[in-house]
Amino acid sequence: MKEALAQIIFHSIKKSYDKEILSAEAIAELLEVPPNRDMGDYAFPCFRLSKELKAAPPMISQWLSESIVSDIATAKPLGGYLNFFLEREKFARRVLDSLQAEGERYGSSDIGKGKTICLDYSSINIAKRFSVGHLSTTMIGNSLRRIYDFLGYKTIAINHLGDWGTQFGKLIYAYKTWGTPEELEKDGVEALTKLYVKFHDEAEKDPSLDEEGRKWFKAIEEGDAEALRLFNLFKELTLRDSEVVFDMLGVKFDSYAGESFYNDKMDRVIEELKAKGLLENSDGASVVNLDAYGMPPCLILKKDGATLYATRDIAAALYRHDTYAFDKCLYVVAYQQDLHFKQVFQVIELMGYDFAKDLKHVSFGMISFEGQMLSTRKGRMIFLEDLLKRACEKALDIINEKNPDLENKEEIAKQVGIGAVIYTDLQNSRIKDIDFRWDRALNFDGETGPYVQYTHTRCCSVLRKAADIPYTEPDYAALSDDASQQLLRLISRFPEQMLLAADKYEPSILTRSMTEIAKAFNKYYYDQRILTENPAETSARLLLTKATKDVLKTAMYLIGMDAPERM
Ligand code: ARG
């Protein structure tokens, strides 16, 4: 819609002033949605034309309003703005025409064609259970990936596993001293966590254990067969455990190249940093000084020559650029690592890599539960698998109460329970902290996942009832009322919202957009009878219902939620 209006304005300026002051794209970007409906559906601010045309903005909007020719909208000047009022019937036809043509692909595009985006998300740690602390990175990353795919980009989803560090040496020692294969087989990662805690308790009494841990870590580094076998076993157990969670969430990756993957790619980084004169000695350690950028130095090598988290991230960025020739590489990681990424990106820039500007840290806030912060130390850890299962159970309780005869209800309860968790996670701007509350997340009313899913099933149910009605040419005038128009307007803006979400790395824009569409549909549903005696009217209202269903389904998919047809 925006594009269509922009074209009209573009031609009107060209005709009136005989020049192209702004491109149609620039005009589309300037178009605003006025704060209240009395001011129209779109407003074009004339300020940018003022200098070139040597006239005050209100004059320009007056002139333009006289020259606009359009059958989709009328233009009225108001101050420095030109306000557009869409012609209701034609507007309805236009929106529903594109929905009919595109269906569930509505909003998709090929603006990303030929471009590649790497997304580093979830990035779980070996020998730790998948906790709720990794929910946001997983779901924001998954959603961004789906959005970019939908916009025609090639995406590479990378789970940058935390699979390197001295803790794995300690774990080997602990396992060899206190562990058994049976225990590992039975309890998996849980058993590893216990062994790790035991190691720390014992090491407090006997500090020589730390030395044992270091020895085993060195053995891993040197490729000792026994050490590698155990290390790989721990890794396998963790991945098996996390696979359950990824399956429940519908999340997939193209690569699990984690920190250890870069072992043989460290030398290049060190050599290059040296050759470029960037490496400095600091108490025996090697660092890149970042004083000039107001940051503490970036640690590259420890005294003992061991590489660090940052060194591995530098190697990873170079490798990804070589391998995927990305146009952008996104790191979906909590804001605690803001400084880390700033340092890493700065070092890469200092190394002379122009692509440093294409590295983006997509940062996000913390999650708490019923007002309580999570903490490993205080034993307040919630495992994601437990949380998701509980969400499914609670959803099943609600279904048993509201719709006990529902077919396939276990399956639907899963979609609802998990959808509720995902929605809560992606509801607000990512930088905001989240407080998860069961009664809020699973409420079928208000701004929740189940509410949007329920609205979708409502559309499905209307369409099922109408399945036998023969097709009649729709009468779009039946959609001229306020409720229908509001719904159409929101649907027409969905593609813009998608671009905005991609541009700002902000899935919450889609969450909000689909919630508004769901609310508007419910208002429409109460205001208007959809199945009436008038076939042309019914036909138009059914088209709008189908359009709503398609957009909601697409939006839910892009957020990462399932869209059941009954619940
Ligand atoms: N494993 C890390 C963590 O859980 C996140 C890794 C993020 N990705 C990266 N390339 N540093 O905190």
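Remember, it's 1-based here, ligands and their atoms both numbered in the order they're listed.
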**Q.** D313 N/O under 3.5 Å from ligand 1 N/O
**A.** yes
Q.
Tell me the protein heavy atom at minimum distance from atom 4 (O) of ligand 1, and give that distance in Å.
A. H134 NE2, 2.9 Å
Q: State whether a side-chain donor-acceptor pair under 3.5 Å links D338 with S363.
A: yes
Q | Those atoms of ligand 1 less than 4.0 Å from some heavy atom in F341 | A | 9 (C), 11 (N)
**Q.** Side chain proximity check, D562 to I418, heavy atoms < 4.5 angstrom
**A.** no
Q: Run the contact test for Q336 against ligand 1 with a 4.0 Å cut-off on heavy atoms, strictly below, and give the result.
A: no
**Q.** Closest protein heavy atom (residue, atom, distance) for atom 8 (N) of ligand 1
**A.** D120 OD1, 3.1 Å
Q. Just checking, any donor-acceptor pair under 3.5 angstrom between side chains of K235 and Y256?
A. no
(Q) Are there over 12 heavy-atom neighbours, none belonging to K357, within less than 6.0 Å of that residue's NZ? (A) yes
Q. In ligand 1, which numbered atoms sit nearer than 4.0 Å to a non-hydrogen atom of V333?
A. 7 (C)
Q. Below 3.5 angstrom, do we get any N/O pair linking Q337 and ligand 1?
A. yes
Q: With heavy atoms under 4.0 Å as the rule, classify the contact between L161 and ligand 1 as side chain, backbone, both or neither.
A: neither
Q | R129-H134 side chain donor-acceptor pair, cut-off 3.5 Å | A | no
Q.
Looking at Y557, I'd like to know if the NZ or CZ of R146 sits under 6.0 Å from its six-membered ring centre while staying within 45 degrees of the ring's axis.
A. yes
Q | Y331: numbered ligand 1 atoms lying under 4.0 Å from its heavy atoms | A | 10 (N)
Q. So is K265 actually on top of Y319's ring, under 6.0 Å and inside 45° of the axis?
A. yes
Q | ligand 1 atoms in contact with Y309 (distance to a heavy atom under 4.0 Å) | A | 2 (C), 5 (C), 6 (C), 7 (C), 9 (C), 11 (N)
(Q) Can a side-chain donor-acceptor contact be found between D425 and S136 if the only test is distance below 3.5 angstrom? (A) yes
Q: Return a yes/no value for R320: is any of its N or O atoms, backbone included, closer than 3.5 angstrom to an N or O of ligand 1?
A: no
